[in-house]
Structure formats: structure tokens, C-alpha cells
Protein chains: 2
Amino acid sequence: MFEVFRKYLDSRISLTDEQFDRITSVATLKKLRKKQYLLQQGDVWRFNAFIQKGCVRVYTVDDKGLEHVLSFAQENWWTGDRESLLTGNPAKFNVDAIEDSEIVLIAKPDFDLICKEIPVFNDMVHDIIQRSFVASQNRIHASISYTAEEKYLDFVKKYPDFAVRIPQHMIASYLGVTAETLSRVRKVSAKK
Amino acid sequence: MFEVFRKYLDSRISLTDEQFDRITSVATLKKLRKKQYLLQQGDVWRFNAFIQKGCVRVYTVDDKGLEHVLSFAQENWWTGDRESLLTGNPAKFNVDAIEDSEIVLIAKPDFDLICKEIPVFNDMVHDIIQRSFVASQNRIHASISYTAEEKYLDFVKKYPDFAVRIPQHMIASYLGVTAETLSRVRKVSAKK
DNA sequence: ATTCTTTCTTGACATTTATCAATTTCTTTC
DNA sequence: GAAAGAAATTGATAAATGTCAAGAAAGAAT
């Protein structure tokens with residue numbers, strides 16, 4: 001049931017079977033069909049979510065009905081709305097499945113307890129957050145510095161697996177350009 | 001010498017005098033004149049830096065000589081290049097003083113030791129990183145969703161003190177637009 | 001296999017933002 | 001307080017990107 005999660009944890013930290021069982025004792029497995037929501041704008045997000053299988057997106061919908069993708073996540077990534085989790089305020093973001101997915105959920109109070117009980121787990125979590133922060137700094141830098149074409153090439157280079165797996169219009173939205181612009185950009189850079 | 005730093009720490013966690021002395025025993029105070037570098041692109045960044053006084057910017061310079069501002073920081077904020085600090089790779093960013101500034105520096109190995117020795121300090125650090133991550137997520141969202149005008153209004157609302165303290169062309173660069181565009185945007189929104 | 005839906009592409013045109021150059025305003029320094 | 005330097009504004013024009021609409025291609029469902 002939690003094989004992928006176990007493999008992930010073993011690849012980063014060493015846990016005894018007891019510790020792993022302790023973790024899974026508070027974990028639940030959620031299966032999502034394509035297009036199903038994991039979280040909807042306005043609800044409070046209370047979990048740490050680890051993706052065992054599939055692919056999700058985090059996004060908002062604005063007044064005009066346009067979607068803006070904040071992030072993608074696939075196998076062995078964590079997802080959710082950190083701000084809502086941290087503050088307890090209603091989420092600004094939706095999370096839904098791009099493909100049928102399997103998500104490990106651990107409610108915040110349980111998660112926090114585990115962090116206290118298992119220091120290496122805690123260290124791992126902090127390391128992940130720190131790296132996420134660095135990654136988002138780099139994304140900001142790309143966003144304010146690059147042209148549409150540069151943004152796309154940078155994205156493909158950084159996340160080649162996303163580039164083939166995720167519909168282009170969602171990638172466009174992630175990059176902050178329209179689907180039409182991305183289509184044209186791809187056409188131009190294909191020739192080079 | 002470290003009064004501002006002490007006040008800052010006292011406002012977030014409780015430390016004994018001994019613990020505070022332990023921290024400052026490995027801290028140095030760096031004074032920067034306006035325009036002086038704290039870090040230059042290409043050098044490795046090895047510190048945690050707390051601003052006691054003044055204001056700095058973190059930015060890159062691209063091939064065309066254009067500057068792109070990743071972040072500002074002022075009194076009671078931390079700054080530096082987290083990626084370089086984390087990985088030991090040369091920094092992508094410059095950091096320099098927008099005004100004469102006073103910065104508390106703690107080298108990474110010392111800082112990590114202190115985190116181990118003083119759990120509440122460690123917790124504080126993680127909390128800061130987590131909040132920084134959330135803030136940068138929000139900035140990404142603004143960057144991909146908003147028009148130039150919306151970006152500026154959002155910035156002013158979030159950081160009213162920066163808006164009055166920092167030259168407009170740097171704010172423009174932070175928002176990912178040209179100085180001319182920001183000037184026009186301000187003119188238009190002033191009328192409303 | 002056919003239909004239905006979603007995604008992607010293309011064209012024509014509109015809008016936003018960038019670029020370049022000139023001028024004005026504001027700061028800093030001596 | 002005059003001179004120099006930096007920052008901000010403005011105008012004219014160019015380039016990039018967005019919008020709208022239509023059709024083609026690809027994928028999913030029956």
C-alpha cells in the first residue's frame with residue numbers, strides 16, 4: 001500500500017520498521033481519478049500529501065475564469081497548499097489530478113508529532129522545504145528575467161518529464177503565457 | 001552592538017543571556033556603505049545574514065547588462081543566497097546595499113551548531129524558511145497572473161515601507177517590468 | 001469504428017510592454 | 001548652493017504577447 005512512500009523514505013533517511021509503521025499508522029491513501037480535486041479554493045488544507053502515483057497541479061482560477069498554475073507534482077513529490085496548512089486560512093489554490101493518482105495523506109497534527117518523534121524525519125522535511133524555497137527563488141528569477149521562449153526552454157530542461165506528461169496549455173499557464181503563445185514559441189524554437 | 005538582533009530574537013523566542021552570548025560569540029558585524037557589495041555573483045556565500053540597519057537587494061546582471069532584482073531586505077530581515085549556502089556552489093546573485101547598512105553575519109558551520117544546541121532557535125529558523133517559501137509562492141502567483149499595474153499595487157500593499165524607500169527602477173526590476181513601464185503604470189493608477 | 005471531447009495550431013488583429021532618446025526632477029557631494 | 005550624478009518622466013516607435021475565432025489533430029469513451 002505504501003511501497004513507493006517507503007522506498008522514497010529509505011532513499012533519504014534510515015528508518016526502522018517500527019518507525020515506518022508509526023508513520024503509516026497515521027497515513028491514509030487517497031486515490032484520485034483524473035480531474036478530481038484534492039483541494040478546492042476556499043477549503044482549509046490540513047495535510048501533508050505525498051504522491052505515490054500520478055500527477056497533480058496546484059492552481060487558481062481568476063475572475064475571468066482563467067487558470068494560473070502555481071505548481072505541478074508527480075511521483076515522489078509533495079504537494080498541497082502550504083500557506084493554508086501553515087495559517088489555517090482557507091486555501092487560495094485548487095489541487096486536482098492531471099492523471100489518475102495515488103496520494104499519501106498525513107494530517108498536520110500527526111505529521112508534527114512524527115517530526116518530533118523522529119528527528120531524521122524532521123531534518124528531511126526541513127531539507128525539502130529549504131530546497132523548495134530555493135527552487136521557487138529560481139522560478140521567480142526566470143519569471144522576471146526571461147522571455148516566453150527562454151522560460152519554456154528552461155522549463156523543459158529542468159523538468160523534462162513534466163514537459164512530455166502535462167498538457168501544453170497547463171505548461172503555458174505555469175509559465176505565465178497563453179497557450180497560443182506557447183504553441184508559437186515551440187514552433188519557432190523547433191526550427192533552431 | 002547587537003541590540004537590534006537581540007530585540008528581534010527576544011520578540012520571537014526566549015533565550016537566556018548565555019544563549020544569546022553564545023550566538024553573538026560567533027557573529028560579526030559588517031557595515032556596508034550604500035552600493036557596496038555584500039556578495040558578488042560567482043563567489044560562494046557562506047553566511048546567514050541578519051540586517052540590523054539599512055536595506056539591501058539581491059539581484060543578477062544578465063548578458064545585456066540588465067539587472068533583475070530577486071529580493072529586497074531591510075531591518076529585521078535575513079538575506080543572502082540560499083542556494084549557494086546550501087550547495088556550496090558559486091552564487092548566481094549579487095547582494096548590495098541600497099542604503100548604508102549594518103549586517104550581522106554568522107558563518108554556516110557556526111550557525112548549524114547553534115541550531116543543534118538551541119532547539120528554539122532551530123525552530124525559529126525553520127519557521128522563517130517556511131514563511132519565506134510561502135511568500136515566494138505568492139510572488140510566483142502574482143508574477144504569472146497579474147498585469148504590470150496589478151503587480152505594482154500588490155507590491156505596494158504588501159510592502160508599503162519598501163515602496164517609499166527603494167528607487168522605482170529597482171522596484172520595476174523586481175516586478176519584471178521596465179522602469180518606463182512602471183512610471184506609466186503609476187501615473188495611470190494615481191488618477192483612479 | 002464512430003463520436004465526442006480535449007488539446008493544439010494557425011491567422012488576423014488588438015493590446016501591452018519594451019526600447020531608445022530626450023528632458024526634467026531629485027540627490028549627493030564638494 | 002552649484003555642479004555632477006542618479007532617478008524619474010515623457011514621447012515616438014517597435015516588438016512581444018494576448019485575444020478571438022476557426023479548424024486540425026489527438027485521445028478517450030462508447
Side-chain angles (χ1 to χ4, degrees), chain A residues 32-36 54-55 57 59 62-69 72 96-101 142-156 162-192, chain B residues 32-36 54-55 57 59 61-69 72 96-101 142-156 162-191:
Chain A
L32 286 184
R33 307 296 302 277
K34 186 172 171 173
K35 298 200 179 178
Q36 216 182 321
C55 189
R57 73 215 245 249
Y59 66 101
D62 69 20
D63 332 320
K64 290 174 198 149
L66 295 174
E67 297 178 348
H68 304 282
V69 176
F72 300 114
D96 71 12
I98 297 176
E99 305 170 5
D100 293 354
S101 301
S143 180
I144 63 175
S145 311
Y146 293 172
T147 62
E149 180 175 11
E150 289 167 337
K151 283 176 199 176
Y152 177 67
L153 294 176
D154 180 58
F155 177 80
V156 172
F162 282 152
V164 298
R165 181 174 202 178
I166 293 172
Q168 265 180 52
H169 69 274
M170 292 186 190
I171 295 175
S173 167
Y174 175 95
L175 299 175
V177 301
T178 60
E180 293 93 332
T181 294
L182 181 58
S183 173
R184 287 174 180 122
V185 153
R186 279 164 47 87
K187 195 173 160 191
V188 170
S189 37
K191 285 186 190 161
K192 296 183 183 169
Chain B
L32 286 184
R33 308 295 303 277
K34 186 171 170 174
K35 300 201 178 175
Q36 217 183 317
C55 189
R57 72 213 246 250
Y59 66 102
V61 181
D62 68 20
D63 331 319
K64 290 174 198 149
L66 295 174
E67 297 178 347
H68 304 282
V69 176
F72 301 114
D96 71 11
I98 298 177
E99 304 170 5
D100 294 354
S101 302
S143 181
I144 63 174
S145 311
Y146 293 172
T147 62
E149 181 176 11
E150 288 167 337
K151 283 176 197 174
Y152 177 67
L153 295 176
D154 179 59
F155 177 80
V156 172
F162 282 152
V164 297
R165 181 174 202 178
I166 292 172
Q168 267 180 51
H169 68 275
M170 291 185 191
I171 296 176
S173 167
Y174 174 95
L175 299 176
V177 301
T178 60
E180 292 94 331
T181 293
L182 181 58
S183 173
R184 290 177 178 120
V185 153
R186 280 164 47 87
K187 195 173 160 189
V188 170
S189 34
K191 285 188 191 162

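Note that the coordinates shown come from a computational prediction; the quantities given were computed from them, not determined experimentally. Lettering follows sequence order; numbering is per chain, from 1.
The phosphate of D:dT10 has OP1 or OP2 within less than 4.0 Å of a side-chain N or O from B:Lys187. Taking side-chain N and O atoms only, B:Thr181 has a distance below 4.0 Å to OP1 or OP2 of C:dA18. Contact check, B:His169 against D:dA8: a side-chain N or O comes under 4.0 Å of OP1 or OP2. OP1 or OP2 of D:dT9 has at least one side-chain nitrogen or oxygen of B:Gln168 nearer than 4.0 Å.
Under the Watson-Crick or G-U wobble criterion, with both distances below 3.5 Å, C:dC30 is paired with D:dG1.
Nearest heavy atom pair, residue B:Asp100 against residue B:Lys34, reads OD1-N, 2.7 Å.
Backbone-only contact: A:Lys35 has heavy atoms under 4.0 Å from sugar-phosphate atoms and none from a base.
As rounded to whole Å, 14 Å separates atom C1' of D:dT9 from atom OH of B:Tyr152. Between B:Leu182 atom CG and C:dT16 atom C1' there is a gap of 15 Å when expressed in whole angstrom units. One interatomic measurement links the two molecules: CD of A:Glu99 to C1' of D:dA28, which rounds to 14 Å at whole-angstrom precision. For the pair B:Ile144 CD1 and D:dG18 C1', the interatomic distance rounds to 16 Å; values are reported in whole Å. Atom CG in A:Leu66 sits about 18 Å away from atom P in D:dT17, given to the nearest Å. Atom CD1 in A:Ile171 sits about 12 Å away from atom C1' in C:dC8, given to the nearest Å. The nearest whole Å value for the distance from the CZ atom in A:Arg33 to the P atom in D:dA28 is 13 Å.
Between B:His68 and B:Tyr59 the shortest side-chain heavy-atom distance does not fall below 4.5 Å. Within the 4.5 Å cutoff, the side chain of B:Tyr152 has heavy atoms near those of the B:Leu182 side chain. The closest side-chain heavy-atom distance from B:Arg165 to B:Phe72 is not below 4.5 Å.
For the pair B:Lys34 and B:Arg184, both in contact range of DNA chain C, the more 5′-proximal nearest nucleotide belongs to B:Arg184. Take the nearest nucleotide of DNA chain D for A:Glu180 and for A:Tyr146: the residue whose nucleotide is more 5' is A:Tyr146.
Ion pair B:Lys35/B:Asp96 not flagged as a salt bridge, since none of the NZ, NE, NH1 or NH2 atoms sits closer than 4.0 Å to an Asp/Glu carboxylate oxygen.
The B:Ser183 side chain lies nearest to D:dT10 when the options are D:dT10, D:dA7, D:dG18.
Between the side chain of A:Arg186 and the base of C:dT10 there is no donor-acceptor pair of N/O atoms closer than 3.5 Å.
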